[in-house]
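One structure is given here, and the rest of the page talks about it.
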Amino acid sequence: MDPQQRLLLECGYEALHRSSRDRRGLAGSLTGVFVGIGASEWADVLRTIPAGRSMFAQTGFTLSIASGRISYVLGLHGPSISFETACSSALVGSHAALCASARDECASALACGVNLILTPERSFRLTAVGILSSAGRCRTFDRRADGYARSEACSSAALEPSAADGAGVALLGSAVRQDG
């Protein structure tokens, strides 16, 4: 299984748990899972090891499986969608979670994003075509900007309709344009 899927399971469950939702209460709920996952370098790793020929290998690195695995393990019955939009994957997934919540497509939502760098090959290819910064730093809106820098992260947020007591964080809107 792609390590990103394991991180999503851990981080996603932690976000739900910290929002006072226990596993028994989640089972059968209309909680939606919206995952931003930019790539799976795990597929590259699997090509080099015997486990890559296993009948389970395909679900281990397929990006669409990432959201479904969380839904399956926790017994969630809301929408379950993975988004791959490169650098904006987590933003697009979070926006979709907010929209689905606003349209009552789910009672609550879990918005997650993940990116792990498992091999150097993708970075080499991106550097060769001039996409990555030669300095290894993003310099947004700066004359010295010469590309972007890759990074790793996993984050999750449990989204629920506004509480009557005003507890929690209120997000008043979101928008997505081309590539986030």
Side-chain angles (χ1 to χ4, degrees), residues 1-19 21 26 30-45 59-74 76 78-103 105-123 125-126 131-133 136-141 145 147-162 168-180:
M1 175 172 49
D2 186 336
Q4 294 179 123
Q5 291 184 22
R6 181 186 53 79
L7 281 174
L8 286 166
L9 282 166
E10 292 175 3
C11 194
Y13 180 72
E14 183 178 358
L16 291 167
H17 181 72
R18 288 180 181 257
S19 70
R21 309 274 314 268
L26 288 168
L30 292 177
T31 301
V33 178
F34 302 82
V35 170
I37 183 167
S40 176
E41 294 183 7
W42 185 241
D44 298 335
V45 172
T59 60
F61 70 83
T62 303
L63 299 179
S64 61
I65 298 294
S67 58
R69 191 176 299 275
I70 296 170
S71 294
Y72 179 78
V73 168
L74 297 177
L76 308 177
S80 185
I81 307 167
S82 298
F83 296 88
E84 194 284 292
T85 58
C87 300
S88 63
S89 297
L91 173 67
V92 172
S94 298
H95 174 70
L98 288 168
C99 290
S101 295
R103 290 189 303 261
E105 294 173 359
C106 52
S108 61
L110 178 64
C112 306
V114 67
N115 185 60
L116 287 181
I117 301 169
L118 302 175
T119 65
E121 283 80 15
R122 189 172 307 244
S123 294
R125 289 190 301 266
L126 292 170
I131 294 173
L132 290 184
S133 168
R137 296 184 50 163
C138 292
R139 293 188 175 107
T140 308
F141 307 116
Y148 76 96
R150 298 183 72 205
S151 63
E152 298 179 305
C154 185
S155 65
S156 294
L159 309 173
E160 294 187 8
S162 297
V169 176
L171 187 59
L172 302 177
S174 74
V176 172
R177 300 286 182 258
Q178 189 278 329
D179 197 26

R139: salt bridge (charged side-chain N to carboxylate O under 4.0 Å, His left out) partners, not counting sequence neighbours: none
So, using salt bridge (charged side-chain N to carboxylate O under 4.0 Å, His left out) as the criterion, who are the partners of E14 when residues are at least two apart? R18
Could you report the tightest heavy-atom contact between G93 and F83, atom names first, then the distance? CA-CD1, 3.5 Å
With T59, which residues qualify under side-chain contact (heavy atoms from CB on, under 4.5 Å), at least two apart? I65, R69
Side-chain donor/acceptor of E152 to backbone N/O of L118, under 3.5 Å: no
Using only heavy-atom distances, determine whether the side chains of S108 and T31 contain a donor-acceptor pair under 3.5 Å. yes
How many angstroms lie between atom CG of L110 and atom OG of S67, to the nearest 0.5 angstrom? 10.0 Å
Minimal heavy-atom distance between A97 and A111, with the atoms involved, is CB-CB, 4.0 Å
Quick one, L116 with E41, criterion side chain to side chain contact (heavy atoms under 4.5 Å, CB included). Give me CA distance, side-chain angles, the key distance, then yes/no. CA-CA 8 Å; L116 287 181; E41 294 183 7; over 6 Å; no
When every non-hydrogen atom of A90 is compared with those of G113, the smallest separation belongs to CB-CA, 3.8 Å
How many angstroms lie between CD in E121 and CG in L126, if you round to the nearest 0.5 Å? 11.5 Å
Should L98 and F34 count as side-chain neighbours, where that means a heavy-atom distance under 4.5 Å? no
Partners meeting salt bridge (charged side-chain N to carboxylate O under 4.0 Å, His left out) with R125 (sequence neighbours left out): none
For the residue pair N115 and S151, establish whether any side-chain heavy-atom pair is separated by less than 4.5 Å. no
Restricting to non-hydrogen atoms, name the atom on A109 and the atom on S101 that form the minimum distance, rounded to 0.1 Å. CB-OG, 3.7 Å
Salt bridge (charged side-chain N to carboxylate O under 4.0 Å, His left out) involving E84 - partner list, sequence neighbours excluded: none
Atom CD in E10, atom NE2 in H17: separation rounded to 0.5 Å? 14.0 Å
Work out which heavy atom in S19 is nearest to a heavy atom in E160; give both atom names and the distance. OG-OE2, 4.2 Å
Roughly how far apart are T119 OG1 and D44 CG, rounded to 0.5 Å? 5.0 Å
Pairs touching residues 85-96 that satisfy salt bridge (Lys or Arg N to Asp or Glu O under 4.0 Å), sequence neighbours left out: none
With rounding to the nearest 0.5 Å, note down the distance linking OG in S40 to CG in D2. 3.5 Å
Shortest non-hydrogen contact from A66 toward I37: CB-CD1, 4.1 Å
Nearest 0.5 angstrom please: Q4 CD to C11 SG, how far? 12.5 Å
Would S80 and I70 satisfy side chain to side chain contact (heavy atoms under 4.5 Å, CB included), going step by step from the backbone distance to the final call? CA-CA 9 Å; S80 185; I70 296 170; over 6 Å; no
Would the distance check show the side chain of S133 and the main-chain N or O of R137 forming a donor-acceptor pair, the cut-off being under 3.5 Å? yes
